[in-house]
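Here the structure comes first, spelled out in structure tokens, and everything after it is commentary.
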Amino acid sequence: MALCLKKRLPENNFYTEFNNTIRSFKTLLCFGLSQSSKKIWSLWGYMYNSPKKSHAERILLQTVESFFSENPAEAIKQYTLAIYISFSPCSKCCDSLIDFMRLHNRIHLDVRISKLYFPQNSLNQEGLKRLRLSGVSLRMMDRDDFSECFYLFVNQQKLFIPWCDLENETKKYSAALCYILNQVLVLEICYSHTYFFLGQWESSSKLGESR
DNA sequence: ATTTTCAAT
């Protein structure tokens with residue numbers, strides 16, 4: 001049950017885990033791995049975390065790793081790994097994703113998140129910042145993303161039915177994510193200004209000395 | 001050691 005490859009996701013599972021107004025105690029992850037130049041997935045599926053053992057991201061990375069080790073010719077091509085995940089990765093999983101990307105530097109990660117996982121936890125915040133700074137596309141899922149995820153992984157014949165307050169929650173979560181990610185920028189700007197002013201100060205004091 | 005939303009009842 002933890003991992004399902006090349007199988008459609010049951011509709012109920014999609015709605016209960018991706019609904020961003022409902023609390024859940026597990027994580028659902030849908031993914032599609034494709035050559036960046038093509039639209040067809042080489043590998044796709046969905047997975048849950050295995051309770052008390054591994055987060056969903058770990059299972060994903062193991063799955064993708066084994067795909068590339070079984071198909072070594074593919075490992076040299078440009079790939080995109082699209083991820084739709086009900087909870088944002090914790091700090092450790094962020095690092096695992098970053099390590100994975102460094103190992104396979106031809107894979108671009110596109111991560112879409114339904115709900116933030118302990119967003120007040122500073123370690124998780126730092127993890128998300130590192131992920132973004134490593135070049136991963138990272139955003140909260142909006143109505144179109146849920147609809148797309150439903151179309152791709154659940155049912156192409158049926159229409160996605162948005163739940164109540166979907167847009168509100170997306171707004172709140174997006175604002176929170178934006179705040180978390182911007183903390184980096186604010187810090188960096190502060191630092192660069194500090195260095196800038198220090199530089200000014202140093203050079204002006206040297207000028208003063210020479211006079 | 002710091003939460004309880006990647007459970008346990």
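Just so it is clear, the structure is predicted and the values come from calculations on it, not from any experiment. Chain letters run A, B, ... following the sequence lines, proteins first, then strands; residues in each count from 1.
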Any side-chain heavy atom of Thr16(A) within less than 4.5 Å of one from Ile22(A)? no
Give Lys52(A) one of three labels, base, sugar-phosphate or nothing, depending on what nucleic acid heavy atoms sit under 4.0 Å from its own. sugar-phosphate
Rounded distance in Å between the P positions of dT3(B) and dA8(B): 16 Å
Interatomic distance, Leu60(A) CG vs dC6(B) P [rounded to whole Å]: 19 Å
Round to a whole Å and report the spacing from NZ of Lys92(A) to P of dT2(B). 17 Å
Phe118(A) CZ - dA7(B) P separation (whole Å): 11 Å
Could you state the NZ-P distance from Lys115(A) to dT4(B), rounded to the nearest angstrom? 17 Å
Can you tell me, in whole Å, how much space there is between the C1' of dT9(B) and that of dT4(B)? 16 Å
With a 4.0 Å cut-off on heavy atoms, is Glu57(A) in touch with a base, just the backbone sugar-phosphate, or nothing at all? base
Could you state the CZ-C1' distance from Phe25(A) to dT3(B), rounded to the nearest angstrom? 14 Å
Whether the side chain of Ser88(A) engages the backbone of Tyr117(A) through a donor-acceptor N/O pair (distance < 3.5 Å, no angle test) should be reported. yes
Has Asn121(A) got a side-chain N or O lying under 4.0 Å from the OP1 or OP2 atom of dT4(B)? no
Using only atom types and a distance under 3.5 Å, with no angle test, would you say the side chain of Asn20(A) pairs donor to acceptor with the backbone of Glu169(A)? no
Any donor-acceptor pair under 3.5 Å linking the side chain of Ser86(A) with the backbone of Lys115(A)? no
Ser88(A) near the nucleic acid: base, sugar-phosphate alone, or nothing, with a heavy-atom cut-off under 4.0 Å? base
Round to a whole Å and report the spacing from CZ of Arg23(A) to P of dC6(B). 11 Å
In whole angstrom, what separates Asn124(A)'s CG from dC6(B)'s C1'? 11 Å
With distance as the sole criterion, is a donor-acceptor pair present between the side chains of Glu65(A) and His104(A) under 3.5 Å? yes
Leu123(A) CG to dT4(B) P, straight-line distance once rounded to whole Å: 16 Å
